[in-house]
Protein chains: 2
Amino acid sequence: MNAFRSAALDDVDWKILAELQRDARLSYNELSRRVHLSAPSVAERVRRLEESGVITGYAARVDPERAGQPLLAFVQLRCARGQCLLRTSGAEDYPEIAEIHKLSGEYCTMLKVRSASLTHFEGFVERLGEHGEMRTHIVLSTQYDDRPLEPSVLEREVTDAEGWQRP
Amino acid sequence: MNAFRSAALDDVDWKILAELQRDARLSYNELSRRVHLSAPSVAERVRRLEESGVITGYAARVDPERAGQPLLAFVQLRCARGQCLLRTSGAEDYPEIAEIHKLSGEYCTMLKVRSASLTHFEGFVERLGEHGEMRTHIVLSTQYDDRPLEPSVLEREVTDAEGWQRP
DNA sequence: GGTGAAATTGAGATATG
DNA sequence: CATATCTCAATTTCACC
């Protein structure tokens, strides 16, 4: 897997990622201006980021509230003795489920769920309840959702250090 | 707020949203083919979706693993007597935090956190630990992350019913 | 909401420094 | 990797049905 990542991301790559995470429709011209590189160079870097799987695609962001699904909740599932039930019945039966994660710990599954109202959510919980014990947390408000990925602290220290050596 | 949403989304709108959530860079030509409408009509609908805030933007999707942050965890914070501490110190100090939600219940905050390794995560938890009691859930694997938003079950029933009346 | 045409814009390639 | 230029293609946008 690491053979695929020819090299770690440098600061220009991260700048490109930051820009494209904010606006996926930037032209190579505009991008090149913002990262202070030529258009062909940026295009080449973006191509590499796509091919190496760092950039997995480009998606429109939809506001769940404006789209009629203002209710957000986290649901922890405690699956009966090892049989995680969302493995049997696919998530396709539950369009309300936005995310599914397997956890360490007693409650083995974490779901992020969106629905149109408390009434809908109640129905969802009832349907899902057949799968095992659960614990629900209803979200009151959201400060950040899907914040753009940034270089980790360690990476920034490294590139900063490189920056000091260069000039 | 509802005055802004001139009307609810119909099935063509949802089809457009589905396509653009899968590929934000579709041209109006290609989009018009997929939703069986003319290009100017699609462009007009997209413009309305953008103006009404249903579409909030277009973003590149970045694979956190390939970008060097394979570790994902949920952290529940129990803030000391009503003072939610992420209100005082901004989330900018914690670039690892991908999401912040206020919850009902004892643990008043749910964080989604990405970091480079367990070592980094340990450091993050120590830094955050000053803010209050917490409960961490480390993610072992992820089946779905940020699944595209779909019309709610109720909406689909309604539009299906409309579909029956039309022919 | 559909059609068609004109004008703008951007992508891709190539050659060179 | 930067610059320059060229060509080709594609999309946007407008006016009109």
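Here the structure is a predicted model, which means the values were calculated and not measured. Every chain is numbered from 1 and lettered A, B, ... according to where its sequence line falls, protein lines coming before strand lines.
Residue-level contact check: A/Ser41 touches the backbone only, with heavy atoms under 4.0 Å from sugar-phosphate atoms and none from bases.
With distances taken from any side-chain atom of A/Ser27 to the nucleotides D/dT11, C/dG10, D/dC1, the minimum falls on C/dG10. Distance from the side chain of B/Asn29 is smallest for D/dT11 among the nucleotides C/dG2, C/dG1, D/dT11. Picking from D/dT13, C/dG12, D/dT12 the nucleotide with the shortest atom distance to the side chain of B/Pro40 gives D/dT13. Picking from D/dT12, C/dG2, C/dG12 the nucleotide with the shortest atom distance to the side chain of B/Ser38 gives C/dG2.
If you measure from atom CD of A/Glu30 to atom P of C/dG10, you get 9 Å, rounded to the nearest angstrom. With rounding to whole Å, B/Leu37 atom CG is found 13 Å from C/dT3 atom C1'. For the pair A/Arg25 CZ and C/dA11 P, the computed distance is 13 Å after rounding to whole Å. Distance CD (A/Glu44) to P (C/dA13): 11 Å, rounded to an integer number of Å. Atom-to-atom, CG of B/Leu31 to C1' of D/dT12 comes out at 14 Å; the value is rounded to the nearest Å. Residue B/Tyr28 contributes atom OH, which lies 19 Å from atom P of C/dT3 at whole-angstrom precision. Rounded to an integer number of Å, the gap from B/Arg33 CZ to C/dG2 P is 15 Å.
A/Lys102 and A/Thr109 share a side-chain donor-acceptor pair at under 3.5 Å. Under the 3.5 Å distance criterion, with hydrogens and angles disregarded, no donor-acceptor pair is assigned to the side chains of B/Gln69 and B/His120.
Among all heavy-atom pairs drawn from B/Glu96 and B/Ser115, the shortest one is CG-CB, 4.4 Å.
Among the candidates B/Glu50, B/Glu51, B/Glu44, the single residue satisfying the salt bridge (Lys or Arg N to Asp or Glu O under 4.0 Å) test with B/Arg48 is B/Glu44.
Listed pair B/Arg45 / C/dG1 meets the phosphate criterion, a side-chain N or O lying under 4.0 Å from OP1 or OP2.
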